Amino acid sequence: AQSVTQLGSHVSVSEGALVLLRCNYSSSVPPYLFWYVQYPNQGLQLLLKYTTGATLVKGINGFEAEFKKSETSFHLTKPSAHMSDAAEYFCAVSGGGANSKLTFGKGITLSVRP
Amino acid sequence: DAGVIQSPRHEVTEMGQEVTLRCKPISGHNSLFWYRQTMMRGLELLIYFNNNVPIDDSGMPEDRFSAKMPNASFSTLKIQPSEPRDSAVYFCASSTNTEAFFGQGTRLTVV
C-alpha cells in the first residue's frame with residue numbers, strides 16, 4: 001500500500017523567491033514518485049517523475065525534486081518563483097509496473113506575491 | 001495524439017437523473033483511471049482498469065456508481081440516480097505503467 005503526506009494546504013512566496021513544497025511518502029515496494037500541477041479549471045499536468053536511477057530529477061518550468069529514500073521524501077523546489085507558478089501542486093506515488101495505481105496527496109496551493 | 005478526451009466538459013442535472021461521463025484514453029495506454037475531485041476530499045480514485053478489466057473499484061462510493069470499459073478506446077462512468085453530493089469534477093486518466101495523463105475533467109453539478 002502507498003500513501004502521500006503533503007503538510008499544509010497553502011504556501012505563499014514572493015516573486016523571485018525559492019519555492020519549496022514538501023512531500024513524504026509511504027510505500028511497501030520501491031516507489032515511483034510524481035509531482036503534478038493543476039491550474040484553475042484544468043486537468044493535472046505532470047511536472048516531473050522519479051522511477052529509478054538519478055535521485056535528482058528535473059522537470060518542466062524550472063522545477064526539480066530529489067528522492068531521498070532515508071527520509072521517505074520527494075520535495076519539490078524551484079530557485080526563483082514566477083507569477084505563472086501560482087497553482088495547486090500534487091505529489092503522488094505508485095508501485096510502478098502492473099501496480100500502477102497513483103495515490104495522491106491532498107495538494108498544496110502555491111500563491112506568488114508580486 | 002489529442003490526449004485523454006472527456007465529455008461533456010460540464011453537466012448540470014437534476015437530482016434523481018442518470019448521468020453518464022465518457023472518456024477516450026490515449027491510444028496504446030493500457031491503464032485507465034477515474035478520479036473525483038472535491039474541495040472537501042481532494043482527489044479520490046474511484047476505479048481503475050488494466051487492459052479493459054476492472055482491477056480496483058474499492059473507491060466507488062456506492063452502488064449508484066458504475067464504470068465500464070467495453071474496449072481499449074472508451075470508458076464510461078455512470079451515476080444513477082444522481083444526488084447533490086455527487087457534484088464534483090470527475091477526471092479520467094490513462095497510463096502505460098508509469099505516469100498518468102489526465103483529461104480536462106467533467107464538472108458535474110446536481111441540483
Side-chain angles (χ1 to χ4, degrees), chain A residues 1-10 23 25 27 29-53 57-60 63 65 67 74 76 87-109, chain B residues 2-10 21 23-26 28-60 67 88-109:
Chain A
Q2 289 93 26
S3 67
V4 171
T5 300
Q6 293 183 254
L7 291 178
S9 60
H10 185 241
C23 172
Y25 70 91
S27 179
V29 298
Y32 285 9
L33 294 158
F34 309 84
W35 276 98
Y36 284 83
V37 61
Q38 185 180 29
Y39 299 101
N41 300 314
Q42 297 288 318
L44 278 72
Q45 178 184 3
L46 181 70
L47 271 179
L48 48 77
K49 66 179 179 181
Y50 168 80
T51 55
T52 58
V57 293
K58 296 183 184 300
I60 62 172
F63 284 93
F67 169 58
F74 191 59
L76 181 71
E88 190 160 14
Y89 292 81
F90 293 89
C91 182
V93 63
S94 80
N99 182 21
S100 59
K101 179 175 72 172
L102 273 176
T103 300
F104 284 87
K106 291 193 176 296
I108 296 176
T109 299
Chain B
V4 176
I5 300 173
Q6 291 186 247
S7 64
R9 287 295 309 276
H10 302 274
L21 310 181
C23 175
K24 181 181 188 315
I26 293 172
H29 283 193
N30 59 349
S31 294
L32 183 140
F33 310 84
W34 283 100
Y35 287 89
R36 178 172 68 177
Q37 186 177 36
T38 61
M39 290 290 291
M40 293 298 294
R41 302 172 69 92
L43 264 171
E44 302 173 277
L45 178 64
L46 300 178
I47 185 171
Y48 83 98
F49 297 83
N50 190 255
N51 294 322
N52 310 340
V53 176
I55 302 301
D56 183 352
D57 65 354
S58 59
M60 296 286 262
V89 180
Y90 291 80
F91 287 104
C92 176
S94 67
S95 80
T96 56
N97 297 333
T98 53
E99 71 267 31
F101 294 81
F102 282 74
Q104 294 293 295
T106 295
R107 182 174 296 276
L108 174 65
T109 303

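For clarity, every value in this text was computed on a predicted model and none was experimentally measured. Every chain is numbered from 1 and lettered A, B, ... according to where its sequence line falls, protein lines coming before strand lines.
When the side-chain hydrogen bond (donor to acceptor under 3.5 Å, both in side chains) test is applied to A:Trp35, no partner is found at least two apart in sequence or on another chain. When the side chain to side chain contact (heavy atoms under 4.5 Å, CB included) test is applied to B:Gln104, the partners found at least two apart in sequence or on another chain are A:Gln42, B:Arg9.
Classification of the A:Phe104-B:Phe102 ring pair by plane angle, with boundaries at 30° and 60°, yields perpendicular.
The minimum heavy-atom distance linking B:Pro54 with B:Ile47 is given by the pair CB-CD1, 4.2 Å.
Contact of B:Glu44 with chain A is not made at all, since no heavy-atom distance falls under 4.5 Å. If you measure heavy-atom distances from B:Asn51 to chain A, you find no contacts under 4.5 Å at all.
Between chain B and the residues A:Thr103, A:Leu102, A:Leu46, A:Thr51, the most heavy-atom pairs under 4.5 angstrom are made by A:Leu102.
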